[in-house]
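Order of the sequence lines fixes the chain letters, A, B, ..., with proteins taken first and strands second; residue numbering starts at 1 for each chain.
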There are 2 protein chains.
Amino acid sequence: MLPSDSAMQKFLERLLSRSALDPAEQQAILNLPCNVLQMRARRDIVSPGETVSNACLVAKGLVARFDQMRDGRRQIVGFHIAGDMCDLHSVVAPTAGWGISALSGATILHVPHSALRAIAVEFPAIALAFWRDSTVDASIIAKWVGNLGRQDARARVAHVLCELGIRMERAGVAASRTCFVLDATQEQLADAVGLTAVHVNRTIQRLRRDGLIESRGHTVEVKDWPALAQTAEFDPAYLLLDDNARWTTQPSAIRTHGSGQ
Amino acid sequence: MLPSDSAMQKFLERLLSRSALDPAEQQAILNLPCNVLQMRARRDIVSPGETVSNACLVAKGLVARFDQMRDGRRQIVGFHIAGDMCDLHSVVAPTAGWGISALSGATILHVPHSALRAIAVEFPAIALAFWRDSTVDASIIAKWVGNLGRQDARARVAHVLCELGIRMERAGVAASRTCFVLDATQEQLADAVGLTAVHVNRTIQRLRRDGLIESRGHTVEVKDWPALAQTAEFDPAYLLLDDNARWTTQPSAIRTHGSGQ
DNA sequence: CGGCACATTGACGTGCATCAAACCGTGTGG
DNA sequence: CCACACGGTTTGATGCACGTCAATGTGCCG
């Protein structure tokens, strides 16, 4: 199996974890054309403001979407791991202000917008699956707004660790949420949580001293998940990974509770 | 014309400003069923964590999506004005962690998910238009992350003012970006920019003293737009309102530049 | 062994939070 | 027509979380 096939398979699994697709639809995903791209650490994959005609599927490594200020300072807006199509939304919005950067060495698959759009038009279920997948990313970003706006340094760092633990476990990138490789420098982490590298350092040390985590090199080990989740006010609902909420194109039969109507 | 018709018309116009739809598709939007709902100021339209089966179209008033912390403190994640379907994404993600609240008195149309999903499945162009519309909201939220993480109080407040000015002008809610009604208290504004009401107050006073804005009651008048945009580092690109970027379902003929392939 | 990127530590400054009081406009009831 | 209450704005005093700057430590790689 080619590495590109395996990555597309992971992307399909990510979609299937939230949307039901029939065999033909699944095959359409797997048949997507792509170019493999090797990125060194700290290289920008997409520059801020660029108009792109491909989406980027992460096959390996840690990738971040970021916003850049006039003075060059960066704010990371989201992390992406293997199996994430990190700018799937670029299919419907190819010119945006953000950039995408490889934090670690990374393997990227470029998938043409035209191909993605073609299968979205041909298969309504795929269009909804893409929309839903984009919505998950948006939900994560929304949670980050709350994290940045209303939480202190300790909670912010804890929250990012919880999120990445869960997501890596889910994607099969890490064995468990309590032990994973976080291939980012403290400066990059600082760019994600809206702090300085110095303060992130002190915050991590405090989490270590309090027995919540340990870390050697880039490996993070969560020693006390409940406590970490507690200080982060972490509730995984926003990641939309509840298997019971998996959807077909006509979900009215599945869940009909709620307030309205 | 019923008020509900006029609101649906505004929603259609918002979609059309970014996506081309043929007459049948436009009619499908206008035929969407809905219930009118009057909300008093400070009432929650959707509670955090609720599962909904209707999307909320804002017909009048100012509405906010928010995240809530354990201690009850809130972080507003986005503002919505007339013509915005403020939780269109709920069609593909009906259970989410956030809530929606009316900041001012507001008129809301409840549109059943089932109806929205039905026309998205029937008309691929509508599915893409919905996805694109959601992406605009996501892009705004992403910009807020940068705003909260890397800008000081002055820039944050200025940025929100610029954004709302442009959006209200665009939606026909305000005559111009430099003069609009912002029906929110300073405390609500504080919840949006991640500050306290006291500090927002002092920040606004500074913007006034520096001659960037004036405000009487809830009316904001921008006296020096370039200066305000400058301090906010405001670049409207993220709002995706460039008319040249308006899209059909098969846009390959329209723009094919960019980096990839 | 030297160089380099990153982690760590310390001293000091500041932007914003916090708390508390006064002020102001508006609606309400006597 | 005044007394009052109430939500919102404004002001001041004080404290702390985090930023800034600068030095030192540490592991990795050539």
Side-chain angles (χ1 to χ4, degrees), chain A residues 40-43 62 69 71-75 101-105 147-161 181-210 213-220 231, chain B residues 40-43 62 69 71-76 101-105 147-160 181-210 213-220 231:
Chain A
R40 314 265 299 276
R42 294 181 151 290
R43 280 283 178 293
L62 185 65
M69 310 293 126
D71 61 7
R73 277 156 55 229
R74 289 185 170 188
Q75 172 66 43
S101 178
L103 300 188
S104 68
N147 203 29
L148 289 176
R150 288 294 179 230
Q151 301 281 82
D152 64 13
R154 186 183 167 89
R156 287 189 219 175
V157 172
H159 200 279
V160 166
L161 294 180
V181 173
L182 178 49
D183 240 339
T185 66
Q186 293 183 351
E187 188 171 355
Q188 290 164 339
L189 222 47
D191 284 342
V193 293
L195 299 168
T196 56
V198 172
H199 204 69
V200 164
N201 182 300
R202 295 197 232 260
T203 304
I204 289 177
Q205 285 179 53
R206 203 142 47 88
L207 291 176
R208 275 200 287 247
R209 194 167 342 107
D210 296 346
I213 65 170
E214 280 180 11
S215 61
R216 294 174 307 287
H218 279 163
T219 302
V220 176
T231 64
Chain B
R40 314 266 297 279
R42 295 183 149 287
R43 280 281 178 294
L62 185 63
M69 310 293 125
D71 61 6
R73 277 156 53 228
R74 289 186 168 187
Q75 171 66 43
I76 290 179
S101 179
L103 301 188
S104 68
N147 203 27
L148 289 176
R150 289 293 179 231
Q151 302 279 81
D152 64 13
R154 186 183 166 88
R156 287 189 219 175
V157 172
H159 200 279
V160 166
V181 174
L182 177 48
D183 237 338
T185 66
Q186 293 183 354
E187 188 170 357
Q188 291 164 339
L189 223 47
D191 284 342
V193 294
L195 299 168
T196 56
V198 172
H199 204 69
V200 164
N201 183 299
R202 295 197 232 261
T203 305
I204 289 177
Q205 285 180 54
R206 201 140 49 86
L207 292 176
R208 275 199 287 245
R209 193 166 343 107
D210 295 348
I213 65 171
E214 278 181 13
S215 60
R216 295 174 306 287
H218 279 165
T219 303
V220 176
T231 65

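Between A:Ala190 and A:Thr196, the shortest heavy-atom contact is CB-C, 3.5 Å. In terms of heavy-atom proximity, B:Gln75 sits nearest to A:Gly149 at OE1-CA, 3.4 Å. Across all non-hydrogen atoms, the minimal contact from B:Thr203 to B:Val157 is CG2-CG2, 3.9 Å. Between B:Asp183 and B:Gln188 the shortest heavy-atom distance is O-OE1, 4.2 Å. Across all non-hydrogen atoms, the minimal contact from B:Val220 to B:Ser215 is CA-CB, 4.4 Å.
In this structure, the side chain of B:Arg73 engages the main chain of A:Arg150 through a donor-acceptor pair within 3.5 Å. A:Glu214 places no side-chain N or O within 3.5 Å of a backbone atom of A:Arg208 that could act as its donor or acceptor partner. Using modelled atom types, one side-chain atom of A:Arg156 and one backbone atom of A:Val193 make a donor-acceptor pair closer than 3.5 Å.
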Tabulated below should be each protein N or O lying under 3.5 Å from an N or O of nucleotides 25-29 of chain D; please produce it.
none

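For DNA chain C, the span of nucleotides reached by chain B at under 4.0 Å from its heavy atoms goes, 5' to 3', from C:dC16 to C:dC19.
What separates CG of B:Leu207 from C1' of D:dT10 is a distance of 16 Å, to the nearest Å. Distance, B:Leu103 CG to D:dG8 P: 11 Å, rounded to whole Å. Whole-Å rounding puts the B:Glu187 CD to D:dT10 C1' distance at 14 Å. A straight line from CG of B:Asp152 to C1' of D:dA17 spans 16 Å, rounded to a whole angstrom. Computed from coordinates, the A:Arg150 CZ to D:dA17 C1' distance equals 15 Å when rounded to whole Å.
With rounding to the nearest 0.5 Å, the separation of CG in B:Leu103 from CZ in B:Arg43 is 13.5 Å.
Looking at residues 197-205 of chain A, you'll see A:Val198, A:Asn201, A:Arg202, A:Gln205 sit with a heavy atom under 4.0 Å from some atom of DNA chain C.
Checked against side chain to side chain donor-acceptor pair (under 3.5 Å), A:Gln151 has no partners two or more places apart in sequence or in another chain. Not counting sequence neighbours, A:Arg40 has no partner by the salt bridge (charged side-chain N to carboxylate O under 4.0 Å, His left out) test.
Note on B:Arg42: only backbone sugar-phosphate atoms sit closer than 4.0 angstrom, heavy atoms only; bases stay farther off. When heavy atoms are screened at a 4.0 angstrom cut-off, A:Gly194 is found touching the sugar-phosphate backbone but no base atom. Residue B:Arg208 is in sugar-phosphate contact alone, with no base atom involved, counting any heavy-atom pair closer than 4.0 Å across all strands shown. Among the heavy atoms of the strands lying under 4.0 Å from B:Thr196 is at least one base atom, whether or not backbone atoms are also near. Within the nucleic acid shown, A:Arg73 has no heavy atom closer than 4.0 Å to any nucleic acid atom. Across all strands, A:Arg154 comes closer than 4.0 Å to no nucleic acid atom at all (heavy-atom distances).
One finds a side-chain N or O of B:Gln186 lying less than 4.0 angstrom from the OP1 or OP2 phosphate oxygen of D:dT10.
Across the helix from C:dT8-D:dA23 to C:dG30-D:dC1, the helix axis at one end is tilted relative to the axis at the other end by 30° (nearest 10 degrees, each axis from five pairs).
Other residues, nucleotides and ligands contribute more than 12 heavy atoms inside 6.0 Å of the CD atom of A:Gln205.
In the model, B:Thr231 has no side-chain atom that pairs as donor or acceptor with a side-chain atom of B:Arg154 under 3.5 Å.
Under the 4.5 Å side-chain criterion, counting only non-hydrogen atoms from C-beta, B:Leu195 is not in contact with B:Leu189.
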